[in-house]
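See below for the structure under consideration.
Computation of the quantities below employed the complete heavy-atom set of this structure, encompassing side-chain atoms and omitting hydrogens, waters and symmetry-equivalent molecules. Sequence lines set the chain letters: A, B, ... in the order given, protein chains first and strands last, and positions in each chain run from 1.
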Amino acid sequence: MVSAQDSDWDLVQRFQGGDRSVFNQLVPKYRNRVMGIATRMLGDRVEAEDLAQDVFVKVYHGLQGFQGESLFSTWLYRITANSCLNHRKRRRRETQISDGADDPELTLSDPSSDPHHLLEQKELKIVLEKTIQSLPEEQRIVLILRDIEGLSYEAIAASLGLELGTVRSRLHRARLQVQVSIREKFSLDTRRSERL
Amino acid sequence: MNCQDIRELSSDYLDQRLTPPETSFIEEHLRTCSSCRQEIELLRTTISLIGSLDPIETSADFLSQVHSKIERRDMVSRIRAWLFEPIKIKVPLEITALLLLGFLASHLYYRSAELPRQSGFSAPSESLQIAPDKAVERGREKRGKEVYERDQFELKQRSEEREPAAAKQKSLDAASEAKPGVIASAPRGAIEEVVADDVVLYGRKVQALLTGMGGRVLLQEGSADSALLLTVELPQSRQAEFVSSLKEAIAGGSKAAKLRPGAAGRLMEKAEDKDNLSATERAAEGRAASTPEYPPRKDEPMVQFQVRILPNK
């Protein structure tokens, strides 16, 4: 059975052999992931799509020199993360995240409701997205790669050029901050969470 | 290990990244500590909620947009390569070319400012009445006008240079038409006209005569009526003697020149004899003839005029 990584490496080798059409298979496979990371890092969908396109342009021009020293996905996430971080450095302005003063207090209408059901509510999704975007970017990228994209600690460390310990600490701090935010917004106390 | 330590390891515990002894220790603690248990459960829920967020999709034309960007970037790369690569050759060349252009432009700019003064061009009198600071401003405004006027001035000068030459040629033509077959004693720079039985032979004689007097033929032209037009240059002091020799040759024919004593006669004779020399002798003679028999004085002014040799019909 051929794994996704083997499949990626096969496509890369075909590309390097001159078959440029395989690029059209790599883009659909990863474009939504790149788009998700970019959107949550930049906080602007239009800018994120532009950046995601630029990421694939870089991939196209860099693929010939890709030696397979890491997984293609790791290499792609590294390009994406660096592009996002550089973009934010250039822009030099954090996305204005409301600290809650402008938002109505969201409370659980039914204390017995399952939060997974509440997730379907638009408000909860908005709060979660905003909370993620309010994180420091070095924590945010780790949280996105781990809890949304599902990368392993090792893959995150390789993509971002970090030590494993750094990844663990950043991830834990990011999660705790989201947890605090969720608790504040929805008055989730520990008793409720117990029922969840 | 207290509760704070347990909570610090909660993420690793939930991601199953702890060693078996650490995992056992935490699970033992959670069985007895409800507060830590609640915190870990809340963290588990939070992670679950984050992972449940909707994926963000690109627009439908994402791939085509990527290809458009790739093409644009390729074009930019090609242009950049065309302009700058190989960088060690093209960049120094381009810098040199730019410097030369800059130098040329500045040279032309300053020359255009000086030209009206050199050529005696005077600005309109109103410019003299303008205060100096205003004159500078007006000068900038009028620079374009001055360039135009300078060009007009140069055109006028060129046309004036051409007109005397055309008028001179016209007058010479008129003179030759008025008195065919007669020597026209024209002023300096005009035309001397002679008639000869053998135009080519006579032309050689004239050439030899000129060489002997320190002159030379500048231009030799044939015409449709078999005439020969020679543009010659001669020391000013020899002009009269040369013209006189031409007249004598006409008056007595080519052989008559031999009978005539004097420098011109000897020269004409020498020219005739030269026609009878062999090739070797002619080469040696050519070297000797290159030295004028009567070398001109230094700094003596030269006169130019034309000799037209007409066939005797």
### Task
Let me see the working for Phe23(A) and Ile70(B) under side-chain contact (heavy atoms from CB on, under 4.5 Å), right down to the final yes or no.
CA-CA 12 Å; Phe23(A) 184 71; Ile70(B) 289 170; 3.8 Å; yes
### Message
Between Thr46(B) and Arg183(A), is the side-chain contact (heavy atoms from CB on, under 4.5 Å) condition met? List the steps.
### Response
CA-CA 9 Å; Thr46(B) 301; Arg183(A) 182 159 34 197; over 6 Å; no
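The interface of residues 21-29 of chain B with chain A, defined by heavy-atom distances below 4.5 Å, is empty. Residues from residues 148-158 of chain A that place a non-hydrogen atom less than 4.5 Å from a non-hydrogen atom of chain B comprise Ile148(A), Tyr153(A), Glu154(A), given in numerical order.
With chain B as the partner, the residue from Met35(A), Gln179(A), Arg173(A) showing the most heavy-atom pairs under 4.5 Å is Gln179(A). Highest contact tally toward chain A, considering only Leu43(B), Asp12(B), Asp15(B), is held by Asp15(B) [criterion: heavy-atom pairs under 4.5 Å]. Taking Glu8(B), Arg17(B), Gln65(B) one by one and counting their heavy-atom pairs under 4.5 Å with chain A, the maximum is reached by Arg17(B).
Of the two parts of Arg146(A), only the side chain, counted from C-beta on, holds a non-hydrogen atom closer than 4.5 Å to a non-hydrogen atom of chain B. Contact of Ser59(B) with chain A is made through backbone and side chain together, with heavy-atom distances under 4.5 Å. For Arg45(A), the part lying near chain B is the side chain, with the backbone staying farther off; criterion is any non-hydrogen pair under 4.5 Å. Both the backbone and the side chain of Ser11(B) have a heavy atom closer than 4.5 Å to some heavy atom of chain A. Interface remark: Ile144(A) contributes no atoms to any contact with chain B (heavy atom separation under 4.5 Å). The part of Leu164(A) that comes within reach of chain B is its side chain, from C-beta onward, which places non-hydrogen atoms under 4.5 angstrom from that chain. Interface remark: Arg44(B) contributes no atoms to any contact with chain A (heavy atom separation under 4.5 Å). Contact of Ile132(A) with chain B is made through the side chain alone, with heavy-atom distances under 4.5 Å.
Side-chain contact annotation: Asn24(A) with His67(B), donor-acceptor N/O pair under 3.5 Å present.
Panel note: side chain Lys69(B), backbone Asp50(A); a donor-acceptor pair is recorded below 3.5 Å. In terms of modelled atom types and a separation under 3.5 Å, the side chain of His61(A) and the main chain of Arg73(B) share no donor-acceptor contact. Remark: side-chain polar atoms of Asn32(A) are paired, donor with acceptor, to backbone N or O of Thr58(B) under 3.5 angstrom.
Considering OG of Ser52(B) and CG of Leu128(A), their distance stands at 9.0 Å, rounded to 0.5 Å. Between the CG atom in Leu63(B) and the CD atom in Gln25(A) there is a gap of 11.0 Å [rounded to 0.5 Å]. Here the straight-line distance linking atom CG of Asp61(B) with atom CD of Gln53(A) works out to 7.5 Å at 0.5 Å rounding.
Applying the 6.0 Å contact sphere to CD of Gln16(B) captures no more than 12 heavy atoms from other residues, nucleotides or ligands. Taking a 6.0 Å sphere around CD of Glu163(A), one finds it holds 12 or fewer heavy atoms contributed by other residues, nucleotides or ligands.
Residue Arg31(A) comes nearest to Ala60(B) through the heavy atom pair NH1-O, 4.2 Å, listed as atom of the first residue, atom of the second, then distance.
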